[in-house]
Amino acid sequence: MIKYTLPRGTQDILPDKAIKKEYVLFVLKNVADFFGFNEIQTPVFENTEVFTRSVGEASDIVNKEMYTFLDRGNRSITLRPEGTAGIIRAFVENKLYATADLPYKVYYSYDVFRYERPQAGRYRQLNQFGIESIGTNSLYHDAEVILEMYHSLNELGIRDFYFKINNIGDEGCRSKYKLALKEYFANYLSDLCSDCKIRYEKNPLRILDCKIDSSKDYFKKAPKISDFLSDDSKKYFKNLLDILDEYQVNYEIDDSLVRGLDYYSETVFEVHVKSEEQDYGAIGGGGRYNNLVSDLGGPQLSSIGYSFGIERIILIMETQNLFDGIKNEILAYVMPLENTTSSYAFQVAMYLRFNQISTDIDFSGKSIKSLFKIADRKNAKYIILIGNDEMISNTVTIKNNATKEQVTIPVADLLDFFANDLIKEDNNENHHHDSKCSCHDNGNDNDHECTCDGDECECDENDNHHCSCHNH
Ligand code: AMP
């Protein structure tokens with residue numbers, strides 16, 4: 001019998017994982033929003049030249065990893081292997097350089113496709129969340145993009161992350177550097193892997209991020225870009241690092257960091273996560289790109305952006321137990337207790353759903369014991385029991401699945417019941433968030449009136465009457 005299986009390097013994202021992904025993207029989109037970025041969406045596939053022209057003929061992505069095919073009209077089409085090129089294509093095609101306010105600030109959440117060798121945390125279809133600030137030379141936008149990334153990771157609660165950062169200069173610096181690399185690696189040409197031999201000819205910079213050769217001893221002694229930077233690039237780099245220092249961003253300068261795509265210049269960076277026990281590698285990276293807009297037919301405009309690998313972020317957050325409380329749940333689980341009550345139970349369930357109460361129902365006729373187990377697995381907050389008595393009297397019996405308290409109420413009171421419950425929930429939520437309670441000084445130092453009615457609300461007089469609530 002034929003077995004149908006996933007294509008290599010892809011994964012099914014089942015609901016337990018999908019909710020984690022949704023949460024991560026929710027937080028990332030929120031932060032991007034705080035920083036003034038708007039969402040953009042471009043096609044999943046582009047004409048192949050968009051990537052060969054921008055990502056670069058010498059890059060691994062273009063050489064080995066693209067999903068490229070001829071469509072039925074004989075056009076060469078490529079599934080996007082990264083987000084930036086398509087966005088810049090859209091920016092140029094829509095003439096946004098002439099009509100939009102610059103920098104044009106957008107974020108995206110894209111599935112991208114790379115024919116890589118699958119392993120833990122490496123897929124052929126992966127999700128990247130990224131931001132782009134298009135059309136700016138300002139150093140402050142480099143800082144803004146890096147700090148946006150930094151703030152996002154803090155908001156997600158990720159621990160042990162740090163930036164690797166480098167400046168790879170402008171084209172002038174890089175062409176001198178490339179010559180020096182060529183001269184240096186000429187001595188080791190026979191020892192380089194077959195890909196590096198090609199990189200040596202096409203773009204020797206790419207040799208530095210070879211996954212096979214880079215641990216070799218003579219790599220460590222290769223010339224460093226820092227020795228080829230112009231005074232302007234050095235100053236730019238120093239000023240950027242000064243800003244990052246002000247915000248206490250944890251970074252290390254890595255002068256072998258060049259990044260895998262051809263379009264970068266000046267600032268490049270990656271975020272890595274490394275704890276005492278484990279090095280998780282890069283969870284995101286980005287940099288400044290000066291020629292991409294002009295390469296794709298627009299004016300000469302410099303830009304900066306980054307992308308996160310969402311699968312890797314989820315993996316790390318799972319290891320660091322950062323998904324506590326993030327689960328699929330429902331408010332009500334309806335149990336018809338007899339066959340005869342199915343129709344009435346169905347109407348109750350539909351009534352709740354049409355009134356924004358998340359509800360599920362079971363018609364399998366399973367035993368009550370099994371239904372309670374299902375309700376637990378569905379994380380149902382309330383169970384609605386419907387037997388003949390309830391049907392005849394137009395009532396329902398609601399059981400709180402945590403406290404096991406139960407009441408029988410008319411169907412007509414159901415929405416009020418849930419509304420009260422949600423208000424209670426909301427109040428509890430408010431008590432969790434310091435910012436939602438505020439204190440009014442009544443003129444008497446010992447008499448503060450708190451807008452939050454929690455008994456355990458504490459007001460710190462030494463801290464500008466900052467309230468903190470412990471009333472859960
Ligand atoms: P890049 O576009 O290559 O700079 O990648 C940005 C981020 O995407 C990386 O730091 C990884 O976290 C993630 N990433 C890149 N390639 C893969 C892959 N094949 N599978 C999963 N995540 C990836």
Side-chain angles (χ1 to χ4, degrees), residues 6-13 17 20-21 24-25 28 50-51 54-56 58-67 78-88 107-132 145-146 148-150 152-153 156 158 160-166 168 205-206 208-211 214 251 254 256-265 267-274 278-289 292 303-319:
L6 280 169
R8 213 166 121 69
T10 63
Q11 56 172 338
D12 294 319
I13 302 179
K17 185 114 181 203
K20 294 176 182 171
K21 182 172 169 184
V24 169
L25 290 174
L28 296 180
V50 170
F51 302 114
S54 56
V55 177
S59 66
D60 274 3
I61 289 187
V62 168
N63 266 322
K64 303 188 294 191
E65 296 173 2
M66 294 206 307
Y67 280 86
T78 295
L79 299 184
R80 61 183 169 214
E82 53 91 62
T84 308
I87 290 171
I88 299 300
Y107 71 81
Y108 60 89
S109 159
Y110 282 173
D111 278 348
V112 304
F113 304 85
R114 295 182 184 178
Y115 193 79
E116 289 201 76
R117 192 195 307 203
Q119 49 183 272
R122 179 168 296 153
Y123 300 97
R124 289 181 172 174
Q125 176 179 346
L126 57 133
N127 191 269
Q128 290 192 332
F129 176 93
I131 67 177
E132 308 290 347
V145 162
I146 293 173
E148 197 274 353
M149 211 175 181
Y150 171 77
S152 296
L153 293 168
L156 289 169
I158 292 180
D160 306 319
F161 72 87
Y162 66 101
F163 283 81
K164 284 187 178 184
I165 186 161
N166 195 16
I168 56 170
L205 257 188
R206 295 273 78 79
L208 296 179
D209 51 26
C210 173
K211 287 165 195 138
S214 58
Y251 66 80
D254 179 348
S256 64
L257 182 70
V258 290
R259 311 266 306 129
L261 316 178
D262 275 1
Y263 50 60
Y264 289 113
S265 48
T267 311
V268 291
F269 51 88
E270 284 181 354
V271 182
H272 288 244
V273 176
K274 188 177 178 183
Q278 206 175 339
D279 184 351
Y280 296 95
I283 55 170
R288 181 166 276 285
Y289 47 96
L292 203 44
S303 309
I304 179 150
Y306 77 74
S307 68
F308 273 133
I310 297 302
E311 287 74 11
R312 295 201 191 160
I313 288 189
I314 293 174
L315 200 77
I316 284 160
M317 288 181 64
E318 281 175 340
T319 324

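Heavy-atom basis, side chains included; hydrogens, waters and symmetry copies ignored. Order of listing sets the numbers, starting from 1, for every ligand and every atom in it. Predicted, not measured: the structure shown is a model, and the values here were computed from it. Along the sequence shown, residues carry numbers from 1.
Between V273 and L153 the shortest side-chain heavy-atom distance does not fall below 4.5 Å.
Other residues, nucleotides and ligands contribute more than 12 heavy atoms inside 6.0 Å of the OH atom of Y251.
Exactly one of E82, M149, Q128, E132 qualifies for a side chain to side chain contact (heavy atoms under 4.5 Å, CB included) with S307. That residue is Q128.
Residues passing the side-chain contact (heavy atoms from CB on, under 4.5 Å) test with Q278 are S275, Y280, sequence neighbours excluded. Under the salt bridge (charged side-chain N to carboxylate O under 4.0 Å, His left out) criterion, K64 pairs with D195, sequence neighbours left out. Applying the salt bridge (charged side-chain N to carboxylate O under 4.0 Å, His left out) criterion to R117, with sequence neighbours excluded, gives no partner residue.
Listed by chain and number, R114, E116, G121, R122, Y123, L126, Q128, R259, A282, I283, G284, S307, G309, R312 each place a non-hydrogen atom less than 4.0 angstrom from ligand 1.
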